[in-house]
Amino acid sequence: MSTQPAPAPLLIACALGIEHLALRLGDGSGAGGPVTVVRTGMGPRAAERSVSRALATPPLEGAAVLATGFCAGLAPGMHPGDLVVAEETRDPRSTVTCVGTEPLVKELARTLPGRTVHTGPLTGSDHVVRGPERSELRATGAIAVDMESAATLLAAVRAGTRPVAAVRVVVDAPEHELVRIGTVRGGISAFRVLRSVLPTFFEWHRNVLLPRR
């Protein structure tokens, strides 16, 4: 009697305590395999170090990796609570292509009807981006910026071949620049959206585990 191999695990990485709380409060049912949510700490160095360490442990060696949390929108017309699905992540060291972007966008639209979903390059920074620097990054073609996604996915692909993706929730944008995430309406809106996306991550995970024809 043959036995089916255990499904590859999913590693979801976020940086902030408030992001981790939103994911913990989300619907954790329906995962296609073992799921680990890691809070990496803020910044690219912390993210790379934390993800590399997690993927070096036997239970997560072959894990698919999804970076999530909040981001700053770069394009005019973006609003807090909008979703960003990266086609690729960028930083000065590399560009990492994301896997399963199209079905992820469709699933987000189904799960969160009425929420705007943006797709395009997600760029990395080692600091909070404000003011004119947004326009400079927008000129590179990026649609959003955060401090951890690029480092997370770079660490993931350096540790071995695996599906990777990044989904971020806009917490501020050019016309809605915020000072503190947790004390303003935009931050609350982004928190609620992030709390609702876990089923979409699980569907992405199942999709990328299917054998390719």
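Side-chain atoms are counted along with the backbone in the values below, which use heavy atoms only and exclude waters and symmetry mates.
Residue pairs meeting the salt bridge (charged side-chain N to carboxylate O under 4.0 Å, His left out) criterion with at least one member in residues 67-89, sequence neighbours excluded: E88-R90.
Atoms CG and SG, from L104 and C98 in turn, are 9.0 Å apart once rounded to the nearest 0.5 Å. Rounding to the nearest 0.5 Å places CG of L11 at 5.5 Å from CG of L55. With rounding to the nearest 0.5 angstrom, the OG1 atom of T119 is 12.0 Å from the CG atom of L122. In this structure, CZ in F201 is found 6.5 Å from CG in L23, a value given to the nearest 0.5 Å. Here CG of L60 is found 9.0 Å from CZ of R162. Values are rounded to the nearest 0.5 Å. Put simply, CG on L194 and CZ on F70 are 5.0 Å apart, with the number rounded to the nearest 0.5 Å.
Residues L153 and V105 do not share a hydrophobic cluster, clusters being chains of Ile/Leu/Val/Met/Phe/Trp/Tyr side chains in contact below 4.5 Å. A continuous path of Ile, Leu, Val, Met, Phe, Trp and Tyr side chains, each step under 4.5 Å between heavy atoms, connects L66 with L83, placing both in one hydrophobic cluster. Hydrophobic clustering keeps V65 apart from V99 (ILVMFWY residues linked when any side-chain heavy atoms are closer than 4.5 Å, directly or through intermediates). Hydrophobic clustering, with ILVMFWY side chains joined whenever heavy atoms are under 4.5 angstrom apart, groups F191 together with L112. F202 and V164 sit in two unconnected hydrophobic clusters of ILVMFWY residues. Membership requires side-chain heavy atoms under 4.5 Å apart, directly or through other members.
A distance-only check finds no donor-acceptor pair linking the side chain of W204 to the backbone of E107 [under 3.5 Å]. T40 places a side-chain N or O within donor-acceptor distance of the main-chain N or O of C14, the cut-off being under 3.5 Å. Between the side chain of S50 and the backbone N or O of A47, no donor-acceptor pair lies under 3.5 Å. Although no hydrogens or angles enter the test, the distance criterion places a donor-acceptor pair under 3.5 Å between the side chain of H205 and the main chain of A8. Remark: the backbone N or O of G43 is paired with a side-chain donor or acceptor of E148 at under 3.5 angstrom. T111 places no side-chain N or O within 3.5 Å of a backbone atom of L108 that could act as its donor or acceptor partner. A donor-acceptor distance shorter than 3.5 angstrom exists from the side chain of H79 to the backbone of G77, with no hydrogens or angles considered.
The side-chain heavy atoms of V170 and C71, taken from C-beta on, include a pair separated by under 4.5 Å. Residues I143 and R138 are in side-chain contact: their nearest non-hydrogen atoms beyond the backbone lie under 4.5 Å apart. With contacts defined as side-chain heavy-atom distances shorter than 4.5 Å, the pair T95/T89 does not qualify. In this structure the side chain of R134 reaches within 4.5 angstrom of the side chain of D172, judged on heavy atoms.
Scanning both residues, A155 and S52, for their nearest heavy atoms gives CB-OG, 3.5 Å. Between A151 and D91, the shortest heavy-atom distance links the atoms N-OD2, 4.5 Å. Closest of all the heavy-atom pairs between A156 and V51 is N-CG1, 4.4 Å. Nearest approach of M78 to L74, heavy atoms of both residues: SD-N, 3.6 Å. Here the closest non-hydrogen pair linking A86 and T101 is O-OG1, 3.4 Å. Taking all atoms of both residues into account, the shortest heavy-atom contact from T68 to V167 is OG1-O, 2.7 Å.
Other residues, nucleotides and ligands contribute at most 12 non-hydrogen atoms within 6.0 Å of the CZ atom of R45.
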Between L137 and V129, is a side-chain contact (heavy atoms from CB on, under 4.5 Å) present by the stated rule, with each step listed?
-> CA-CA 9 Å; L137 291 175; V129 173; 3.9 Å; yes

Verify salt bridge (Lys or Arg N to Asp or Glu O under 4.0 Å) between R158 and E48, making sure each step is shown before the conclusion.
-> CA-CA 10 Å; R158 280 181 171 175; E48 186 171 352; 3.4 Å; yes

Test side-chain contact (heavy atoms from CB on, under 4.5 Å) on E133 and H127 and set out the steps.
-> CA-CA 11 Å; E133 193 175 1; H127 59 278; 3.0 Å; yes

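Residues satisfying the salt bridge (Lys or Arg N to Asp or Glu O under 4.0 Å) test with E61, not counting sequence neighbours, are none. Under the salt bridge (Lys or Arg N to Asp or Glu O under 4.0 Å) criterion, R115 pairs with no residue, sequence neighbours left out.
For the residue pair R168 and S149, a side-chain donor N or O sits within less than 3.5 Å of a side-chain acceptor on the partner.
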